[in-house]
Amino acid sequence: MSGDHGRGDSQVNSGSKGSESHKHKDKHKEKEHKHKNHKKDKEREKLKHCNSEHKEYSEKKHKDKQKLRHSDGSSDKHREKHKDKDKEKRKEDKSLSSHSNRTKKEKENGYVRERSPAAIKSEPEDDNGFYPSPKHNKATKREMDDDEEFEYKPKKVKVEHDKKAKKRKHEYEDDEEDEYTKHKKKTKDKKATEGKKAKKEDEEKWKWWEEERYTDGSKWRFLEHKGPVFAPPYEPLPDKVKFYYDRKAMKLCAPAEEVATFFAKMLDHEYTTKDIFRKNFYKDWRKEMTSEEKSVITDLNKCDFREMSEYFKAQSEARKQMSKEEKQKIKEENERILQEYGFCIMDNHKERIGNFRIEPPGLFRGRGDHPKMGMLKRRIRPEDIIINCSKDSKQPKPPPGTKWKEVRHDNKVTWLVSWTENIQGSIKYIMLNPSSRIKGEKDWQKYETARRLKKCVDRIRSQYRDDWKSKEMRIRQRAVALYFIDKLALRAGNEKEEGETADTVGCCSLRVEHIKLYPKMDEQEYVVEFDFLGKDSIRYYNKIPVEKRVFKNLQLFLENKQPEDDLFDRLNTSILNKHLQELMDGLTAKVFRTYNASITLQQQLKELTCPEDSIPAKILSYNRANRAVAILCNHQRAPPKTFEKSMQNLQTKIDEKQKQLSAARKQLKAAKADHKASHDEKSKKAVDVKRKAVQRIEEQLMKLQVQATDREENKQIALGTSKLNYLDPRISVAWCKKWAIPVEKIYNKTQREKFAWAIDMAEKDYEF
DNA sequence: CGACCGACTTAGTATCCCTCTA
DNA sequence: TAGAGGGATACTAAGTCGGTCG
C-alpha cells in the first residue's frame, strides 16, 4: 500500500548530476543513492501492524494537522496583547538571564574544600552519615563565608536567592491562594513533623531553581561518584545445551559461544532473518572463533542455535516462576546497587544518576534499515572507561586488577563516566537523572529560549516571507526551509554519513524524492506532499497547502534535479542556525519545535477545556491537547500488540455498565412508583438510594467511555515524548491549578520529579 | 569553509512490575 | 492468588548543535 506515494524504484546512475546549481554538494551526490525507502516503508508498516490503516491514519493526521494549523494561524498573527509582557520579562531576567555578578576570582580549591565529603561526613546527626542534609549545607556555607578569599560565597548566594524567592512569591500573591497551594502547604507541614524522614525528603526537594546558576561555563564545583556498574561476566552454557553445525553438535570456545548466545536470544525476532543483520553478525562472530572453528563453520545457514534459544527461554520462564523470597532477594540486591552506584554528590547535593550501568555486550540493533545491524557491540572493560570527577573527591575504584583508561577533572562537562562505543565510534556517557539540578536548569532554560522566540516570532516570520522573494537562491532556500521548520515542526536535518546509518532526513537534508508538488489537489491549491523517513526511521507523511510563493520556489528548487539530489542544495543546518542566531540570541532550528509545541498546547488547552466538565473529561481534553502536539511533532508509536484485545475488553465493560445502568434506572422508576403509592419514609429513602445508584453508574459509564475514546485516539500516537521534551511543564501545571486538577493526574512520579521546578513555580495564570 | 568530534537532547521499544480482576 | 493488562521504567539509538582543526 505504501507504494502509492510515487517514488521511483528505478536505479539511479551514480554521479549523474542535474543543474550546476548544487555543485558544492557534488561529493555527496557522487555516492550511489539506493532507493531503499520503498522497502523501508513496507517494513515500517509491518512493524506497525497497520497496513490497512496507515494511509487512513496519515490522512486523518493530515486533517488534524490542518485543523491544528488553523488554530495556529491565530498565533501566526500573534494577536496576544502581552499584558504581562513586562512582568514576564522581569521574572525571566531575575530567574535566568541576569545572574548576579559572580566574579572570576573564585578558586576551585577553596570552593571544593568547602564541599569536601570529609566535612560532610563529619556531621554526626546526619542520617546516613555521608550525604549532607540541607540544614547542614547552610552551616557549611556559613562557615565558608568566613573565608574572605572567595567571592563565590554560598551564603551570599543563599541570601540573594532567598530574597529573590520571596520577591517572586510576592508577585504571585495577589492571586488568591488556590486549593493546590493549600494542599501543598499542608503536605509540607505534615512532612516537617515527620522528623528524620522529613530531612531526607527536604534533601530531595532541594529547590535549585531558587539558587544562582554558574555563569562561567562550569557545570559544578564538586563531583564524587562510585563509577559505573559493569555488565556481569559471561557465564558459559551448561554442557547439555548444545550448538549444532550442519546437524552435528559442536562445542564453541567461550568468546564465540557468547556471541552465539546473543544471536540465539534474538532468534524469535525478525531481525535475525534480515540479510544485513546476518551478514554483519556472521562477520563479527567469526572474529571470535578459533581457527578450527573458523574452518568448520563456513555457512551461517547451517548453524542451529535453537537449543540455546530454548535454554534461555526456559531460564526466563524459571525466573518468572521464582518464589516470592527469591524475587525479593533480587530486588533487594538491585536496591543495594542503586543505593551504592545510583547516586553521586554534586555541589553539596546527593543527586540521582541516569544510567549508571554500562551497556552490556550484544548485537547492535539499529532502527530502520541500518547498515550496521547485527554487528557485535563489544563488552566494555574498565580500561575503556574515562572517569570524570573532582580532584579532591574520593575517586571511584576500578574493579580489582584493572585500571581506568583515564581519570579527569573537567567541570565544564556534566558527565561522570564515558566510553567509546565500537559500532559508530561515538562516545557514550553516564549522566545525571532528569530530576537533577544540572538537567533541570537546562530544561528550564530551553523553555525560556522558546518563550523569547514567542516574542519575536512575528518579526522572524515576516522576514522569511520577504526572503522568499530574494534574488539569492541561498536566501530563498533558507527562507523556505525555515518556513517548513516553523509550520511543520520539522527537525533541522543534519547531513549524515552515508552507509554509516539508516537513510533518514530532516528539513535541510530533504531530497527531491521526498516531496511532490500538486498545483491543484481536490479543492486546494499549491499542495506539497511530504513523504520521508525522519529520526528513528519514522515515516513523515503529510500533504499541506502552502502559499503560492513557497510553491513557486519549490518548483524552482526542483528544476534540473534528480530524485536523489538535495532539495535545498545551498543550505545546511550550520548555515541555517547561523542565520537564526542573528535573528535572536540562542535561536536554533530546534527552538521552533519547542516553541510551536508549547504554544500549541497552551492554545489547545484554552480551546478544549470546558469549565463545566468533570475532571475525567477535562483530562481527556488535556490529552487531546497533548495529542495535537504529538501529531504536530510526528511522535508515533507501534500500536500496542494487545491493542485490539484491550479495546474489546473495554467495550465489554462499557456494554455491561450500560446494562447495569438501564437496570438501575428501572429500579429507580419502580421505587418512585412505590413511593407515589405509599408516601412513606421508607420508600422515599429507597428512591434516594436508587437515584444515587443511577448517578454513580452514569459516572462510571462516562469514565469508561472517556477512557475508550482516549485510548482509541492514542492508538499510534505517543504522548510521552512531547510531554517530556517539548511542552513547557508550567503550562500544564498552570492548567491543573486553574481547574483544580491534581497534578498527579497529568504527571506521574518520575515526571513530577523532573518537573519539580515547574510545579513549584508556576501559578494558574502562567502564560507561556 | 567543511569534516569531524564531543556533549547533550530527543526518541521509540523492551522489559519490569504493580494493580486490578476473576 | 494468579495472571492479565497496562503504566512506569530501563535502555540505548539517533538526533542537534557548537567547537576545533586543517
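Lettering follows sequence order; numbering is per chain, from 1. None of the values given here were measured: they were computed from a predicted structure.
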Quick one: label [X] by what it contacts on the DNA or RNA (base, sugar-phosphate, nothing), any heavy atom closer than 4.0 Å.
X	answer
A:Lys372	nothing
A:Lys377	sugar-phosphate
A:Pro434	nothing
A:Ser574	nothing
A:Lys442	sugar-phosphate
A:Asn355	base
A:Tyr429	base

Check every atom of [options] against the side chain of [X] and return the nucleotide holding the closest atom.
X	options	answer
A:Phe364	B:dC4, B:dT9, C:dA13	C:dA13
A:Met431	C:dA10, B:dT10, B:dC8	B:dC8
A:Thr504	B:dG6, C:dT12, C:dG15	C:dG15

Kindly say if [X] contacts the phosphate of [N], meaning a side-chain N or O under 4.0 Å from OP1 or OP2.
X	N	answer
A:His269	B:dA14	yes
A:Lys446	B:dT10	yes
A:Lys320	C:dA2	no
A:Lys331	B:dC18	yes
A:Tyr726	B:dT9	no
A:Ser426	B:dG6	no
A:Lys439	B:dT9	yes
A:Arg319	B:dC17	no
A:His370	C:dA13	no
A:Asn748	C:dA8	yes

On the 0 to 90° scale, with breaks at 30° and 60°, tag the A:Phe281-A:Phe263 ring pair as parallel, tilted or perpendicular. parallel
Nearest whole Å is fine: how far is [N] [atom2] from [X] [atom1]?
X	N	atom1	atom2	result
A:Lys219	B:dC8	NZ	C1'	8 Å
A:Tyr747	C:dG7	OH	P	18 Å
A:Leu533	C:dA13	CG	C1'	16 Å
A:Gln321	C:dG3	CD	C1'	11 Å
A:His635	B:dT9	NE2	P	16 Å
A:Gln445	B:dC8	CD	C1'	12 Å
A:Arg365	B:dA14	CZ	P	7 Å
A:Gln636	B:dT13	CD	C1'	14 Å

Quiz question: by atom type and distance under 3.5 Å, do the side chains of [X] and [Y] form a donor-acceptor pair?
X	Y	answer
A:Ser722	A:Asn626	yes
A:Asn714	A:Asn623	no
A:Tyr214	A:Asn411	no
A:Ser509	A:Glu495	no
A:Tyr447	A:Thr594	no

Whichever of A:Ile358 and A:Gly534 has its nearest DNA chain C nucleotide further upstream toward 5':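 That would be A:Ile358.
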Do A:Phe755 and A:Tyr747 have ring centres separated by under 6.0 Å? yes
Assuming nearest nucleotide by heavy-atom distance, tell me which of A:Asn334 and A:Arg593 is located more 5' along DNA chain B.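 The residue closer to the strand's 5' end, by nearest nucleotide, is A:Arg593.
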Taken to the nearest 0.5 Å, the spacing of A:Cys344 SG from A:Leu416 CG works out to 5.0 Å
Test the A:Lys377-A:Phe364 pair against the cation-pi criterion, namely NZ or CZ under 6.0 angstrom from the six-membered ring centroid and within 45° of the ring axis. no
Tabulate protein N/O versus nucleotide N/O from nucleotides 16-19 of chain C, keeping only pairs under 3.5 Å, one per line.
| unit_1 | atom_1 | unit_2 | atom_2 | d |
| --- | --- | --- | --- | --- |
| C:dT16 | OP1 | A:Ala492 | N | 3.3 |
| C:dT16 | OP1 | A:Gly493 | N | 2.6 |
| C:dT16 | OP2 | A:Asn494 | N | 3.0 |
| C:dT16 | OP2 | A:Asn494 | ND2 | 3.0 |
| C:dC17 | OP1 | A:Thr588 | OG1 | 2.7 |
| C:dC17 | OP1 | A:Ala589 | N | 3.3 |
| C:dC17 | OP1 | A:Lys590 | N | 2.8 |
| C:dC17 | OP2 | A:Asn577 | ND2 | 3.0 |

